[in-house]
Amino acid sequence: MIYIGCHLSVTNGYEAMGRTMLDFGGNTFAYFTRNPRGGKSKDIIPEDAAALKTLLRENRFGPLVAHGSYTMNLCAANPSTRANGLDMFAKDMERMKLFENSYYNFHPGAHTGQGAEKGIALVADALNRTLTADTKTVILLETMAGKGSEIGRSFEELREIIDRVTFSDKLGVCFDTCHVWDAGYDIVNDLDGVLTRFDDVIGLDRLYAVHFNDSKNSCGSHKDRHEKLGEGYIGREGMKRIVLHPALQNKPFILETPNDDNGYIREIHTVLRWINER
Ligand code: FE
Ligand code: FE
Ligand code: ZN
């Protein structure tokens with residue numbers, strides 16, 4: 001069994017997201033800790049957070065996967081962009097304390113011309129400045145498609161970040177299926193091989209969550225254009241094999257496919273059918 005859900009808007013509060021996901025038929029979800037593009041955040045009302053926690057427990061939800069803002073670039077060359085990113089990251093970690101068992105996933109960033117080595121060093125530095133011995137949130141580095149100067153385009157790059165972080169026991173990886181495919185890992189013809197590679201380089205014990213997306217482009221395209229389940233190059237059978245893979249059981253799977261609410265409801269039910277048919 002896996003947990004399935006999609007991204008939800010935090011506009012109506014936290015408990016409301018839980019209720020929406022119950023209506024959708026899922027048992028996990030993702031949300032942006034702040035406006036994904038603008039970077040602003042709303043205050044969390046403690047009663048609202050508590051109500052969500054009760055709902056999650058009573059309905060046996062899997063871990064939630066909060067997502068850092070797209071504008072947070074911890075390895076930007078521009079000093080004010082990076083300082084702004086560090087500030088968002090520190091504040092997000094503070095907010096995540098209300099949801100101790102949640103995961104917090106973010107894009108390692110784009111080195112913007114400084115080179116991958118420098119980018120990796122800057123991301124690790126940001127993690128070292130922010131994580132402490134009593135950080136309770138599991139921080140997930142997302143596998144990236146390798147668009148532009150993105151860091152995290154290979155398992156090796158993620159490993160290098162992890163190796164440089166003092167409290168690396170707090171770190172995991174979010175496996176984005178579209179990104180991994182676009183980065184050049186053939187999860188259609190060799191899913192076992194790719195996961196074995198992941199295990200060798202990073203360790204499957206660090207794989208905490210999956211972003212479950214089909215791709216509009218071919219393997220190795222470095223494009224990062226998500227597609228609806230079964231309508232892209234990974235395809236229906238490819239997506240289904242991922243859901244059923246033994247190494248990925250009990251993880252939250254988050255849809256980031258181009259859909260409206262009804263599209264997400266359909267995809268959640270498709271995934272539930274795959275689980276029940278096995
Ligand atoms: Fe992401
Ligand atoms: Fe993603
Ligand atoms: Zn993407």
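Atoms within each ligand, like the ligands themselves, are counted from 1 in listed order.
Taking the Fe ion (ligand 2) as reference, the nearest N/O/S atom within H211 carries the name ND1. Between the Fe ion (ligand 2) and the N, O or S atoms of E256, the shortest distance is to OE1. When distances from the Fe ion (ligand 1) to the N, O or S atoms of H67 are compared, NE2 comes out shortest. The N, O or S atom of D224 lying closest to the Zn ion (ligand 3) is OD1.
The minimum heavy-atom distance linking T33 with A66 is given by the pair CG2-CB, 3.8 Å. Between Q114 and C75, the shortest heavy-atom contact is NE2-O, 2.8 Å.
Between F89 and F106, the angle of the ring planes lies from 30° to 60°, which puts this pair in the tilted group. Note: F175 and F155 have tilted aromatic rings, judged against thresholds of 30 and 60 degrees for the angle between ring planes.
Between Y14 and Y31, a ring centre-to-centre spacing shorter than 6.0 Å is recorded.
When each of F29, F212, F32, F24 is checked for a ring pair (Phe, Tyr, Trp, His ring centres under 6.0 Å) with H7, only F32 meets the rule.
Using a cut-off of 2.8 Å, one finds that E256 contributes no N/O/S atom close to the Zn ion (ligand 3). Under 2.8 Å from the Zn ion (ligand 3) lies no N/O/S atom of H211, from backbone or side chain alike. Put simply, H179 stays out of reach of the Fe ion (ligand 1), with no N, O or S atom under 2.8 Å from it. The Zn ion (ligand 3) has an N, O or S atom of H179 inside 2.8 Å of it.
Between the side chain of H111 and the backbone N or O of G113 there is at least one donor-acceptor pair closer than 3.5 Å.
The angle subtended at the Fe ion (ligand 2) by OE2 of E142 and OD2 of D176 is 90°, given to the nearest 10°.
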